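Okay, here's the structure, questions in a sec.
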Amino acid sequence: MDLGLKGKRAIVTGGNRGIGRCCALALAREGARVCITARDQGRLDEVLHEIKDAGGEGRAVAVDLTTLASCRKVVGETVKHFGGVDILVNNAGAARGGDILELPTELIDDALSLKSYSYLRLSQLVIPHMRENGWGRIINVAGGAGTSPTSGNIPVSLANIAILNMTRALSDAVSGDGILVNTICPGLTNTQRARDVQQASADESGTDVETLLQELGSELPAGRIAEPEEIANVVAFLASEPCSYIFGSSIYMDGGGRRGTP
Ligand SMILES: NC(=O)c1ccc[n+]([C@@H]2O[C@H](COP(=O)([O-])OP(=O)(O)OC[C@H]3O[C@@H](n4cnc5c(N)ncnc54)[C@H](OP(=O)(O)O)[C@@H]3O)[C@@H](O)[C@H]2O)c1
């Protein structure tokens with residue numbers, strides 16, 4: 001299937017590793033021009049090389065996305081170099097967890113300022129450019145925790161549920177302009193973040209994190225955790241021309257782990 005992404009102009013946040021890196025590479029391989037953003041310039045440069053090696057065109061903007069000024073900078077640089085923005089993949093996230101009875105509320109501020117405020121700010125900033133062309137795709141990477149809070153993960157579950165709400169509201173506001181806004185909710189995915197998050201549990205149970213990830217995966221209907229490339233393939237489809245009738249939806253990619261319906 002031709003995804004119709006040749007020449008499209010994309011921004012991928014958190015694009016220097018994990019799921020974001022794979023999204024940037026998937027879009028670039030389909031011919032999109034991709035601006036990746038995150039804080040670590042060295043890792044951004046590595047992914048830029050990978051994009052170029054794959055025959056793609058990329059830019060990198062190193063910023064901390066928790067401020068409006070940084071979001072403006074990312075969109076401004078993309079418009080300056082690519083002439084507009086057609087696709088936004090909101091993906092950067094780094095929430096820390098902790099026992100809700102002792103949790104400093106600052107951790108909730110941190111989680112929301114990155115994983116929901118930057119998603120909304122960047123969306124607000126790119127939508128005028130998408131409206132100019134009557135076409136756009138916004139894909140928000142959230143996570144299953146939004147609908148399954150636990151006493152230890154409230155910062156990330158609040159950030160994720162905010163994204164689910166925002167996706168629906170934004171979709172209603174811009175669907176008439178040819179702009180599709182959707183969310184993807186990955187389950188446990190094989191990235192450094194997954195290792196970092198699971199390290200404490202691994203230490204507690206006296207096992208190593210690789211073994212723990214395998215055990216967690218074996219409990220899923222899929223029998224394993226996700227690979228970031230699998231999430232990126234679906235993001236690329238959600239960003240594509242043929243994806244023309246998915247509006248304000250949340251796609252769960254969790255290997256069948258979710259018990260709720262739908
Ligand atoms: N992996 C999973 O199991 C899983 C499951 C469900 C949902 N998710 C979601 O999927 C997304 C990607 O996860 P991942 O596993 O790929 O994580 P990751 O490997 O830790 O990548 C996170 C990305 O966000 C960037 N980032 C972190 N803080 C930032 C800040 N203040 N400003 C700008 N960029 C920042 C990081 O780059 P720098 O550190 O260089 O800034 C990195 O590129 C996240 O939103 C996560 O919540 C992941």
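Order of appearance sets the numbers: ligands from 1, and atoms from 1 within every ligand. Computed from a predicted model, the values in this text were never measured in an experiment.
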Atoms in ligand 1 flagged as close to G18, the criterion being non-hydrogen separation under 4.0 Å: 16 (O), 19 (O)
Of the listed options G187, G143, A159, closest to atom 5 (C) of ligand 1 (non-hydrogen atoms): G187
Pairs involving residues 235-255, ordered by first then second residue, that meet salt bridge (charged side-chain N to carboxylate O under 4.0 Å, His left out) (sequence neighbours left out): K8-E241
Side chain, backbone, both or neither: V63 near ligand 1, heavy atoms under 4.0 Å: backbone
From OG (S171) to CG (N140), nearest 0.5 Å: 10.5 Å
Polar contact flag for K115 and ligand 1 (N/O pairs, less than 3.5 Å): yes
R43, CZ atom: more than 12 neighbouring heavy atoms under 6.0 Å: yes
Protein contact of atom 45 (O) of ligand 1 - nearest heavy atom, named by residue and atom, plus distance: N91 O, 2.7 Å
Close approach of G144 to ligand 1, heavy atoms, under 4.0 angstrom: no
Residues in salt bridge (charged side-chain N to carboxylate O under 4.0 Å, His left out) contact with R131, at least two apart in sequence or another chain: D177
Residue part near ligand 1, for P228, under 4.0 Å between non-hydrogen atoms: neither
From I161 atom CD1 to I154 atom CD1, the distance as rounded to the nearest 0.5 Å: 10.0 Å
Short N or O distance, L188 and ligand 1, threshold 3.5 Å exclusive: no
Closest protein heavy atom (residue, atom, distance) for atom 6 (C) of ligand 1: P186 O, 3.2 Å
Heavy-atom nearest option to atom 22 (C) of ligand 1, drawn from A95, A94, G93, G14: G93
Reported CD-to-CD1 distance for the pair E219 and I225, which is rounded to 0.5 angstrom: 12.0 Å
For ligand 1, the portion of T189 having any non-hydrogen atom under 4.0 Å away: both
Closest approach of any protein heavy atom to atom 32 (N) of ligand 1, naming residue and atom: L65 N, 2.9 Å
Heavy-atom check, side chain of P186 versus side chain of I19, under 4.5 Å: yes
Minimum-distance protein heavy atom relative to atom 20 (O) of ligand 1: R17 NH1, 2.8 Å
Which of the ligand 1 atoms, numbered from 1, are nearer than 4.0 Å to a heavy atom of D40: 40 (O)
A142 neighbourhood, listing ligand 1 atoms whose heavy-atom distance to it stays under 4.0 Å: 7 (C), 8 (N), 9 (C)
Nearest neighbour in protein (non-hydrogen) for atom 29 (C) of ligand 1: R39 NE, 3.4 Å
Part of R43 within contact of ligand 1 (heavy atoms, under 4.0 Å): side chain
Contact atoms of ligand 1, heavy-atom distance to D64 under 4.0 Å: 30 (C), 31 (N), 32 (N)
Heavy-atom neighbours of H81 NE2 exceed 12 at 6.0 Å: yes
Nearest protein heavy atom with distance in Å, relative to atom 17 (O) of ligand 1: R193 CB, 3.3 Å
Closest protein heavy atom (residue, atom, distance) for atom 43 (O) of ligand 1: N16 OD1, 2.5 Å
Derivation of the side chain to side chain contact (heavy atoms under 4.5 Å, CB included) call for L114 and D110: CA-CA 6 Å; L114 178 61; D110 290 349; over 6 Å; no
Minimum side-chain heavy-atom gap R17-D40 below 4.5 Å: no
More than 12 heavy atoms from other groups under 6.0 Å of CD on Q41: yes
For atom 14 (P) of ligand 1, closest protein heavy-atom neighbour: T191 OG1, 3.7 Å
Y119: numbered ligand 1 atoms lying under 4.0 Å from its heavy atoms: 45 (O)
Separation of D203 CG from D208 CG (nearest 0.5 Å): 10.0 Å
Validation row: T147, L164 side chains within 4.5 angstrom (heavy atoms): yes
